[in-house]
Protein chains: 2
Amino acid sequence: MPKHAKEMEALIEHLGKHQLKFTRQRELILDAFLKQEHITAEEMYHQLAKKDPHLGLATIYRTLNLFCEAGLAQARHFGTQTQYDNTSHKGHHDHLICTDCGKIVEFENCDIERLQEEVATRNGFTIQTHRLELYGLCSRCRH
Amino acid sequence: MPKHAKEMEALIEHLGKHQLKFTRQRELILDAFLKQEHITAEEMYHQLAKKDPHLGLATIYRTLNLFCEAGLAQARHFGTQTQYDNTSHKGHHDHLICTDCGKIVEFENCDIERLQEEVATRNGFTIQTHRLELYGLCSRCRH
DNA sequence: ATTCTTTTTGAGACGATTTATCAATTTCAA
DNA sequence: TTGAAATTGATAAATCGTCTCAAAAAGAAT
């Protein structure tokens with residue numbers, strides 16, 4: 001059984017529903033993407049240049065955005081670039097961000113997630129994904 | 001007593017400490033900024049164009065960044081643009097967002113906020129602001 | 001008030017990141 | 001195998017924010 005069978009199937013299902021095609025590039029990019037917790041398009045471009053020097057940057061952007069629509073990725077804007085988070089990596093999707101030095105601490109908190117579910121249910125929503133970012137000063141920068 | 005005397009003083013104090021000058025533009029931009037909970041440079045540019053058609057976009061960016069350094073504002077990357085949050089507004093707006101129809105429900109949850117504080121403290125952070133977005137399907141779109 | 005030094009401003013050039021364009025290629029169902 | 005529809009790669013273009021620099025303004029000293 002391939003490493004990322006579940007995600008591959010999710011992608012194929014999304015493609016089918018939207019009359020999109022399964023291409024060599026999409027498979028290549030999915031494989032590379034699922035190995036990371038998060039990555040930028042530029043990083044992936046350089047990483048994949050070794051396997052396929054002709055893979056265009058535009059294709060990577062398009063495909064990562066496709067993954068977002070399929071629910072496999074989630075875009076996060078930080079600094080000047082866009083980070084694409086791998087949503088199959090369960091924890092570590094919440095962030096503490098130092099507004100002074102830019103330090104990022106990833107965390108996971110079950111209690112918060114449970115309360116989020118509660119809020120959603122109370123409002124008739126079914127949560128697919130979420131984004132939680134806490135901005136402040138880290139211990140170093142506070143002084 | 002002027003509306004935003006406290007913030008104005010904070011700015012003047014910051015200017016004094018850094019050999020910066022108090023200008024008409026900085027006063028104008030501060031006034032406009034403090035009336036909002038958050039704003040982008042572009043929005044403020046158009047808003048202020050009525051009062052002073054010669055106020056340059058670069059000046060607005062520079063000034064909003066100055067406010068960040070003075071602690072009056074906080075930059076947050078959202079979508080493709082930078083939102084400048086007014087730190088004197090405490091109102092936290094967390095959002096439930098339907099990924100199908102785009103419906104947005106605002107909510108606030110004290111328990112979640114308390115847990116956020118806990119996480120931050122445990123990691124040595126002091127929270128200035130945060131952002132919480134829950135993505136999913138609303139009752140209608142779930143069918 | 002006038003002078004003088006320093007900072008700020010406005011306009012546009014510039015750099016970085018992402019999206020749009022389009023002809024050639026690939027996918028995939030018939 | 002064929003053909004319609006989608007995708008790709010290269011690059012042009014758009015977007016956002018910063019940098020540059022001469023002219024203007026601020027503020028201290030005279």
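Chain A is the first sequence line, chain B the second, and so forth, proteins listed ahead of strands; every chain is numbered from 1. Every value quoted in this text rests on a predicted model; they were computed, and no experiment measured them.
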Find the distance A:Lys17:NZ to D:dA6:P and express it as a whole number of Å.
-> 18 Å
Atom-to-atom span, NE2 of A:His77 to P of C:dA16 - whole angstrom | 20 Å
Value in whole Å for how far the C1' atom of C:dT25 lies from CD of A:Gln25 = 10 Å
Is there side-chain contact between B:Gln36 and B:Gln47, with at least one heavy-atom pair below 4.5 Å?
-> yes
May I ask you to check whether over 12 heavy atoms, not counting those of B:Arg114, lie within 6.0 Å of atom CZ?
-> yes
Hey, does the side-chain of B:Lys21 have a donor or acceptor N/O within less than 3.5 Å of a partner on the base of C:dT6?
-> yes
Within 6.0 angstrom of A:Glu9 CD, more than 12 heavy atoms from elsewhere = no
Closest-nucleotide ordering on DNA chain D, the 5'-leading residue of B:Ala58 and A:Ala58 | A:Ala58
For the pair made of OH in A:Tyr61 and C1' in D:dT11, what is the distance, rounded to whole Å?
-> 15 Å
C:dT18 P sits how many Å from A:Glu43 CD, rounded?
-> 11 Å
Hey, does the side chain of A:His54 come within less than 4.0 Å of D:dA10's phosphate (OP1/OP2), counting only N and O?
-> yes
Donor-acceptor pair present, B:Arg62 side chain and D:dG17 base, under 3.5 Å | no
Given A:Tyr84, which of A:Ile60, A:Thr40, A:Leu72, A:Asn65 fulfils the side-chain contact (heavy atoms from CB on, under 4.5 Å) condition?
-> A:Asn65
Phosphate-side-chain proximity, B:Asn65 and D:dT18, N/O vs OP1/OP2 below 4.0 Å = yes
Determine: side-chain N/O of A:Thr59 to OP1/OP2 of D:dT8, distance under 4.0 Å, yes or no.
-> no
For C:dT18, does either OP1 or OP2 sit under 4.0 Å from a side-chain N or O belonging to A:Thr82?
-> yes
For B:Phe22 and C:dT7, what is the distance between atoms CZ and P respectively, to the nearest whole Å?
-> 18 Å
Distance below 4.0 Å between B:Arg26 side-chain N/O and C:dT8 OP1 or OP2 = yes
What is the ring orientation for A:His95 with A:His38, classed by angle as parallel under 30°, tilted 30 to 60°, or perpendicular over 60°?
-> perpendicular
Please determine if a side-chain N or O atom of A:Thr80 lies less than 4.0 Å away from the OP1 or OP2 oxygen of C:dA16.
-> no
Rounded to the nearest angstrom, tell me the gap between atom CG in A:Asp52 and atom P in D:dT8.
-> 11 Å
Could you state the OH-C1' distance from A:Tyr84 to C:dT19, rounded to the nearest angstrom?
-> 10 Å
